Novice: 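My questions will all concern the structure given below.
When reading the values below, keep in mind they use all heavy atoms of this one structure, side chains included, and skip hydrogens, waters and symmetry mates. Keep in mind the model is a prediction, meaning the values are calculated, not measured. So that the names make sense, note that chain A is the first sequence line, chain B the second, and so on, each numbered from 1.
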There are 2 protein chains.
Amino acid sequence: MPAERVTLATIAEAAGVSVPTVSRVLNGDGNVAKATRLRIEALLDEHGYRPRTVRASSAGMVHVIYPRIDTAWQLEHIRGMEAVMQEAGVGLVVSALNHGTAGRNDLLRRAQAGQATGAILAAASGDTPLAPVLDQLNVPVITLDPGAKAPARLPSIGAANWQGARAATEHLLALGHRRVAMITGSKGGLLCSRARLDGYRAALEDAGVPEDPSLIRHGEFEFEAGITAAKQLIDHPNPPTAIFACSDLIALGVYEAARQRGVSIPADLSVVGFDDLPAARWASPALTTVRQPLEEMGRLAARTVLTMAGRRSLPSPRMELSTRLIVRSSTAPPPRPRRG
Amino acid sequence: MPAERVTLATIAEAAGVSVPTVSRVLNGDGNVAKATRLRIEALLDEHGYRPRTVRASSAGMVHVIYPRIDTAWQLEHIRGMEAVMQEAGVGLVVSALNHGTAGRNDLLRRAQAGQATGAILAAASGDTPLAPVLDQLNVPVITLDPGAKAPARLPSIGAANWQGARAATEHLLALGHRRVAMITGSKGGLLCSRARLDGYRAALEDAGVPEDPSLIRHGEFEFEAGITAAKQLIDHPNPPTAIFACSDLIALGVYEAARQRGVSIPADLSVVGFDDLPAARWASPALTTVRQPLEEMGRLAARTVLTMAGRRSLPSPRMELSTRLIVRSSTAPPPRPRRG
DNA sequence: CTGAAAGCGCTTACAG
DNA sequence: CTGAAAGCGCTTACAG
């Protein structure tokens with residue numbers, strides 16, 4: 001026997017009051033006798049009352065959409081976004097595309113239902129299946145740290161990748177290194193990877209150190225890719241004395257390769273990473289790395305979406321937060337050259 | 001000039017059609033001439049139409065609430081929960097209490113508004129300010145990996161902490177270690193810490209190895225606490241040959257202490273962690289650890305809440321997923337004792 | 001394919 | 001403090 005739908009009328013009848021009175025209790029209207037209120041509250045609970053509809057305004061939700069939920073820095077983003085959303089009384093809905101269209105359809109449905117206040121496409125590659133349908137949404141959408149060329153009309157928030165990579169390379173050059181290798185995150189596409197490679201090159205050029213293409217390795221943003229690339233570099237006939245890795249994860253792969261090859265960090269080999277994940281602090285020795293203000297990027301993304309949702313104008317459609325070199329214990333002057 | 005509220009009537013008038021027709025377009029009813037539909041869609045967009053209310057059913061949201069968003073394993077939880085929620089067409093709202101009551105109030109408001117399908121209290125300590133108000137909610141609430149004694153009437157999902165700690169200790173004993181130290185996560189309260197300590201003791205007892213209280217150190221679940229405790233153990237007049245750390249983070253602290261003291265892992269000192277965070281794989285040497293099925297715990301938590309929301313009954317109010325020892329490269333037989 | 005009419009669940013003045 | 005009445009925004013048959 002599937003019970004009748006429980007509406008305000010059900011409760012009103014059970015309580016022997018009118019529908020408006022029940023409505024007042026639900027809405028926290030003070031003008032209800034305490035005894036009445038208590039009785040109605042008990043009945044609402046007992047009948048398991050659930051409103052049929054919800055005011056769209058109180059349903060404020062911002063969706064953050066990742067390709068996958070799989071990397072540590074996402075938690076930093078989320079912490080920043082959550083803090084801002086909580087202050088604004090808006091919920092943060094986390095979802096993943098997972099190669100499918102389910103996430104997209106879900107977002108679309110919710111947006112049409114007035115449920116989404118806005119959306120943040122994070123770490124989105126250019127071919128995100130979301131792009132073609134964005135225009136249908138009547139809610140603000142921005143990109144956060146877009147991996148590839150994002151739809152140009154979307155506001156975006158990123159980090160100063162070029163500047164950070166340059167600072168990292170300059171740090172190594174200042175220590176006296178002349179054979180500085182780089183391991184990138186991906187050969188082609190990714191914007192951040194390109195910018196970091198260019199920053200590395202700029203620093204070399206400024207220092208008058210000729211670029212050696214054999215010291216540039218292209219991997220993925222993965223631990224294993226770091227191991228592979230670092231082994232190749234260590235086995236190089238004229239090996240580098242320092243490696244700038246395009247991410248902390250790759251840098252940790254370099255650590256492992258060095259351990260397996262009996263190479264000591266930083267005595268034999270200096271290593272710099274990129275991101276400043278918590279894991280960078282936990283490495284032995286602690287990793288010198290370029291800090292991306294991931295939490296702050298999340299906060300800014302959240303604020304930006306809320307600003308747009310309030311139909312206020314943005315200071316700029318493209319915001320880039322600065323990066324900062326954090327010197328820890330994985331970098332040192334190069335070893336004295338062995339006698340030939 | 002604050003524009004009039006945009007309602008279906010606004011759009012209907014602008015399009016020269018009736019309100020029901022606009023409603024049909026919004027609801028994806030196929031019985032609308034294409035030309036009409038396109039015209040109405042354009043007008044909806046142009047006027048920035050947003051529904052005033054939302055069907056509560058389509059607003060399905062499950063809230064996961066953490067004390068703070070700050071540890072890597074939360075992302076594993078979230079990945080599992082998100083996958084299940086997406087399949088169910090329910091949104092996952094992530095929030096943090098941050099010592100305040102804002103998160104609680106927010107949840108309450110949404111629950112009353114019919115917006116929360118359920119809630120997952122994750123890693124909650126016993127004194128969560130949420131507990132006193134849980135009864136007011138007409139939605140299912142469960143705890144995930146409760147840190148301390150959670151309100152007993154709430155269903156809970158956890159991991160087999162005792163069993164995992166026992167397996168870790170047995171592994172070290174089987175390698176030949178007799179001086180096996182333990183670094184716990186917290187002196188008192190936390191349930192998981194207590195269970196892990198008891199598992200360690202059980203294994204020692206079974207092997208007939210007497211417990212040495214000076215080999216048990218109480219810290220926090222922090223990297224720094226691991227360093228401090230490990231240094232004390234290494235400096236012990238009769239130091240341990242193996243350390244079982246109550247979390248991977250503590251274990252990484254042990255790595256750093258060992259590096260600073262010139263102690264080699266695993267040649268001089270074996271280390272086992274607990275959690276199997278991604279960072280355990282990235283450690284050098286890769287960390288032997290007890291794997292908690294964090295993602296699977298998230299999935300189960302999500303399924304459990306949805307089951308309860310569907311008013312179906314639970315197989316059991318308390319579910320514990322098994323843990324598994326993952327042997328990597330940080331454990332080996334103890335060094336041969338030095339000649340006195 | 002579309003609209004006039006009825007209806008739904010809830011809220012908002014207004015009156016007492 | 002409470003209810004009868006009107007109203008709101010939207011949806012649901014029903015008729016053509």
Novice: Under 3.5 Å, which donor-acceptor pairs link side chains of residues 296-303 of chain B to any protein atom two or more places apart or in another chain?
Specialist:
| from | atom 1 | to | atom 2 | distance (Å) |
| --- | --- | --- | --- | --- |
| B:Arg299 | NH1 | B:Glu295 | OE2 | 3.3 |

Novice: Ignoring hydrogens, what is the shortest heavy-atom contact between B:Ser95 and A:Gln86? Give both atom names and the distance.
Specialist: CB-NE2, 4.3 Å

Novice: When rounded to the nearest 0.5 angstrom, what distance separates CG in A:Leu277 from CH2 in A:Trp73?
Specialist: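 These two atoms lie 9.5 Å from each other.
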
Novice: Classify A:Ser18 by what it touches in the nucleic acid, base, sugar-phosphate, or nothing, heavy-atom distance under 4.0 Å.
Specialist: base

Novice: On DNA chain C, reading 5' to 3', which nucleotide is the first and which the last to sit with an atom under 4.0 Å from a heavy atom of chain B, could you check?
Specialist: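 On DNA chain C, the outermost contacted nucleotides are C:dC1 to C:dA5.
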
Novice: Pick base, sugar-phosphate or nothing for B:Val19, based on heavy-atom distances below 4.0 Å to the nucleic acid.
Specialist: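 Answer is base: heavy atoms of B:Val19 come under 4.0 Å of a base.
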
Novice: Please enumerate all residues that pass salt bridge (Lys or Arg N to Asp or Glu O under 4.0 Å) together with A:Asp29, with sequence neighbours excluded.
Specialist: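 Salt bridge (Lys or Arg N to Asp or Glu O under 4.0 Å) list for A:Asp29, sorted by chain: empty.
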
Novice: Going through the checks in order, is the salt bridge (charged side-chain N to carboxylate O under 4.0 Å, His left out) test met by A:Glu76 and A:Arg79?
Specialist: CA-CA 5 Å; A:Glu76 314 287 313; A:Arg79 177 169 46 245; 2.8 Å; yes

Novice: State the CZ-OG1 distance between B:Arg39 and B:Thr21, to the nearest 0.5 angstrom.
Specialist: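 Those atoms lie 9.5 Å apart.
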
Novice: Output the residues of residues 29-42 of chain A in contact with DNA chain C, where contact means a heavy atom of the residue under 4.0 Å from an atom of the strand; sort by number or write none.
Specialist: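 By residue number: none to list.
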
Novice: Can you name the one residue among A:Leu314, A:Thr307, A:Val305 that meets side-chain contact (heavy atoms from CB on, under 4.5 Å) with A:Ile142?
Specialist: A:Val305

Novice: So what stems show up for DNA chain C if we need 3 or more Watson-Crick or G-U pairs in a row, all under 3.5 Å?
Specialist: C:1-3 with D:14-16, C:5-12 with D:5-12, C:14-16 with D:1-3

Novice: What is the distance from atom CD1 of B:Ile40 to atom CD1 of B:Ile11, rounded to the nearest 0.5 Å?
Specialist: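 Between B:Ile40 CD1 and B:Ile11 CD1, I get 9.0 Å after rounding to 0.5 Å.
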
Novice: Let me spell it out: for each of A:Arg24 and A:Ala9, pick the nucleotide of DNA chain C with the closest heavy atom. Which residue's pick is nearer the 5' end?
Specialist: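 Closer to the 5' end of DNA chain C: A:Ala9.
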
Novice: Among B:Thr143, B:Thr304, B:Asp145, B:Ile120, which residue meets the side-chain contact (heavy atoms from CB on, under 4.5 Å) test with B:Ile157?
Specialist: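 Output: one option passes, namely B:Thr304.
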
Novice: Under the rule for side chain to side chain contact (heavy atoms under 4.5 Å, CB included), what residues qualify as partners of A:Glu41, not counting sequence neighbours?
Specialist: A:Val25, A:Arg37, A:Leu38

